[in-house]
Visitor: 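A single structure is presented below for examination.
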Amino acid sequence: MMTIQNYVAGEWVSGEGQELLATDAITGDEIGIVSSAGIDYKQVLEYGREKGGPALRKMTFQERGRMLKALALHLMKIKDKFYEVSYKTGATKIDSWIDIEGGIGNLFANASLRRQFPDLPYYVDGEAAGLSRNGTFIGHHIMVPKRGVAVHINAFNFPVWGMLEKIAVNLMAGVPAVVKPSEYTSYLTEVVVREIIASKILPEGSLQLITGLGRGILDHVELGDTVTFTGSAATGKKLQASPQILERGVTFNLEADSLNASVLGEAAAPGTPEFDLYIKEVSKEITVKAGQKCTAVRRIIVPEKYMEDVQIGIAQRLDKTTIGDPRQEGVRMGALATKLQVERVMAAVEKMSAAMETVYGGKDKELNLIGADAEKGAFMSPILFRNDKPFEVLEAHNIEAFGPVSTLMPYKDLDEAVEIANLGKGSLVSSIVTGDDKEARDFTVNAAHMHGRILVLNEKCAKESTGHGSPMPLLTHGGPGRAGGGEEMGGKRGILHYLQRTAIQGHPDTITEITQTYQPGASRPEADKHVFRKHFEELSVGETVYTAKHTVTVTDIVNFANVSGDNFYAHMDETSLEGTIFEGRVAHGYFILSKAAGLFVEAKKGPVLLNYGIDEARFTKPVYPGTTIGVKFTVKEKIDQEKRSEDDVAKGIVKFNVEVYDDEEETVAIATILTMVKKIDQSM
């Protein structure tokens, strides 16, 4: 008998005895023994903190991002072996694609976020705050990796995506993880983790795996650790309220199943493209992953005048859904993860059927399976309930059958649709399908406070829409109330969840050193040679070129207007200035920046490969003819960049602060220019 092992403290180990016997959801065949009994969780968490944490914290955000990208590329190359195991969970090819390649896609997406972070192990948050009259005392914020571990307790429905979408975020932040997937499908997670560990792409100690029940895993969490839980709201709230979480100040993120709603707008009448989209989208959400998604549509809310049309449309599509072994050609819906899950879903269905009419499926519906045996596998029919009194019959708003089960209900107007959707007491996602953007706006603005994400679907975006049930890595995933109140992913927001924000105060020189970003008021030593003559490694934050000066003339203004075509009255018509803030004809702001470039640029070929952008450009004081301007050109920040290929030039990104000042030493314009600068060492 195969044993599903745990990876802890640098070793693959088997738990004591048998906590669970994993079985194939399609055939009922035994897969292997699952157990994590006997594991020393105190040692596991300490190993992550003492081994994985320091290794990750030494890396910059750029290095962590490149690490995630390398891991994603590696897993993508060997993805086929994951699909073979995924079929045993009851998943179809499309279900598995969401789980496997969706999870790997999370790695890619989070890896790309490195471009939004500094080339440091920690993050510099926001802008400096002036705290004194003369500028010698300022404040700022930095965010450093928490010195604990991320303990991820995941659900059975996404054994790959559930792990990868969470560890992508904590690894980018520089925090190690201990992953505890559901014991029912941990055999697939184990296969993926074996490949990750064998690749040696991650530092040792940054990822550990518990495949069994994990009893006692939270007993040893401490301040600095982060616990995330995905699963039932009841279990999640019980864990969140445990003494070790509350008394030790452990961060807890809860993402619970919710009774998500999809609304058909009144504008999406039968016969419109949006009506057809709605039938397709809702039917898909009932059957994809056999309804085992925390984001699945559980409540179908439609105008009362369209109820019959929607009911017929959904039933017709469900009739075409072929069920069976996902390895067989033509199968559109597989099995639930386990027979136990079928029992749990049917128990919820029984309670719901006592209060509502069943209009499709049901426990007595005969299953015509393709290549499978209903007695051996964890199969069930899709079920559609109808609730004509959604404000009186509340079972659909209170009971979640975590399978291919949904309830159809009517509304009279859009305000009522919002009210019905909100009876779910908070959800991960809701959606509205309509071709009327005003209707979409009214629903979204009024419903948003109770839903973590809202999809607006119409014919214009349908081809590229990822659908009601697909959270995206660069957007938050979570929701209020029943959905748990947590947030996962969310791009940069998700990474910041694993960082501690700290206010720092001091002299601008000190804050510049800490942030490795030039701060206003800090010293600006004159560069020993022009900064455009220096390679990436030779540049230091704060060093400055003080340029020659130029006196602005009327001829400059006229010539720039002729070249640019900008004949705005303030530049070209002195007779039109009455009632304005200007004392006379004023130079174009863009001329000032252009002239500044002429002053600070070193013309000869050198290490600077190109300037590719301007950020934060501001014109802070009018410049009139006769004003003399100069430029302080300062190295603001440096960011390393990886080579894309062997033939690529080794380079880094350098941000320069451009401060244009006048003959009164007052700033008239300020901007940040972005440059690519060649390295001396071309091997990196």
Visitor: Whether the side chain of H497 engages the backbone of E488 through a donor-acceptor N/O pair (distance < 3.5 Å, no angle test) should be reported.
Guide: no
Visitor: Check the pair D442, K438 against salt bridge (charged side-chain N to carboxylate O under 4.0 Å, His left out), reporting the backbone distance first and the verdict last.
Guide: CA-CA 6 Å; D442 288 346; K438 185 179 184 305; 3.2 Å; yes
Visitor: Taking T185 for the side chain and F156 for the main chain, is one N or O donor matched with an acceptor at less than 3.5 Å?
Guide: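 Yes, the answer is positive, given that a donor and an acceptor are paired below the 3.5 Å cut-off.
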Visitor: Donor-acceptor check, side chain of E19 to backbone of S36, threshold 3.5 angstrom: yes or no?
Guide: yes
Visitor: Mind running salt bridge (charged side-chain N to carboxylate O under 4.0 Å, His left out) on K284 and E281 for me, showing each step along the way?
Guide: CA-CA 5 Å; K284 180 182 72 173; E281 186 71 16; 3.4 Å; yes
Visitor: Please walk me through it: do E195 and K81 pass side-chain contact (heavy atoms from CB on, under 4.5 Å)?
Guide: CA-CA 10 Å; E195 295 295 340; K81 65 174 64 178; 3.0 Å; yes
Visitor: Here's a test for you: under side-chain hydrogen bond (donor to acceptor under 3.5 Å, both in side chains), which of S427, S431, S258 qualifies with H451?
Guide: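 Going through S427, S431, S258 one by one, the side-chain hydrogen bond (donor to acceptor under 3.5 Å, both in side chains) with H451 is satisfied by S427 alone.
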Visitor: Considering the options T189, V192, D99, which one meets the side chain to side chain contact (heavy atoms under 4.5 Å, CB included) requirement together with F82?
Guide: V192
Visitor: Which heavy-atom pair separates K339 from G377 by the least distance, and what is that distance?
Guide: CE-O, 3.3 Å
Visitor: Tell me yes or no: between the side chains of T235 and S232, is some donor less than 3.5 Å from an acceptor?
Guide: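 The criterion, which ignores hydrogens and geometry beyond distance, is satisfied for S232 and T235.
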Visitor: If you take all heavy atoms of I399 and A348, which pair is closest and at what distance?
Guide: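 Heavy atoms of I399 and A348 come nearest at CG2-CB, 3.8 Å.
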Visitor: Which is it for V193 and T211 under the side-chain contact (heavy atoms from CB on, under 4.5 Å) test, yes or no, and what are the steps along the way?
Guide: CA-CA 11 Å; V193 173; T211 58; over 6 Å; no
Visitor: Can you confirm whether the side chains of D325 and Y87 place a donor and an acceptor under 3.5 Å from each other?
Guide: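 No donor-acceptor contact under 3.5 Å links the two side chains.
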Visitor: For residues 157-172, which side-chain N or O atoms pair as donor and acceptor with protein atoms under 3.5 Å away, sequence neighbours left out?
Guide:
| from | atom 1 | to | atom 2 | distance (Å) |
| --- | --- | --- | --- | --- |
| N157 | ND2 | Q292 | O | 3.0 |
| K166 | NZ | N154 | OD1 | 2.7 |
| K166 | NZ | T228 | OG1 | 3.2 |
| K166 | NZ | T230 | OG1 | 2.9 |
| N170 | OD1 | H152 | NE2 | 2.8 |
| N170 | ND2 | V175 | O | 2.7 |

Visitor: Ignoring hydrogens and angles, tell me if any N or O in the side chain of T407 forms a donor-acceptor pair with the backbone of A396 under 3.5 Å.
Guide: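 Side chain of T407 to backbone of A396, a donor-acceptor pair under 3.5 Å: no, none is there.
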Visitor: For the backbone of K93 and the side chain of S96, can you confirm whether one donor and one acceptor N or O come within less than 3.5 Å of each other?
Guide: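 The answer is no, because no donor-acceptor pair under 3.5 Å joins these two groups.
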Visitor: Spell out, as yes or no, whether a donor-acceptor pair under 3.5 Å connects the side chain of T434 to the backbone of A268.
Guide: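 Answer holds: no.
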Visitor: Please list, chain by chain and in numerical order, all residues satisfying ring-ring contact (aromatic ring centres under 6.0 Å, His included) with F443, sequence neighbours excluded.
Guide: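 So F443 forms no ring-ring contact (aromatic ring centres under 6.0 Å, His included) with any residue.
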Visitor: What are the two closest non-hydrogen atoms of E439 and L414, and how far apart are they?
Guide: O-CD2, 3.6 Å
Visitor: Is Y411 reaching over with its side chain to a backbone N or O of L264, donor-acceptor style, under 3.5 angstrom?
Guide: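 Such a contact is found between Y411 side chain and L264 backbone.
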Visitor: What pair of heavy atoms forms the shortest contact from K305 to D309, and how long is it?
Guide: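 The pair with the smallest heavy-atom distance is O-OD2, 4.1 Å.
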Visitor: Quick one: do the Y83 and E101 side chains pair a donor with an acceptor below 3.5 Å?
Guide: yes
Visitor: Is it the case that the side chain of E255 and the backbone of H477 share a donor-acceptor pair, with hydrogens and angles ignored and the cut-off at 3.5 Å?
Guide: no
Visitor: I'd like to know if the side chain of S381 and the backbone of G361 have a donor-acceptor N/O pair within less than 3.5 Å.
Guide: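 Here the side-chain-to-backbone pair does not exist.
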Visitor: Closer than 3.5 angstrom, by distance alone: can the side chain of E266 be matched with the main-chain N or O of D413 as a donor-acceptor pair?
Guide: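 It does not hold such a pair.
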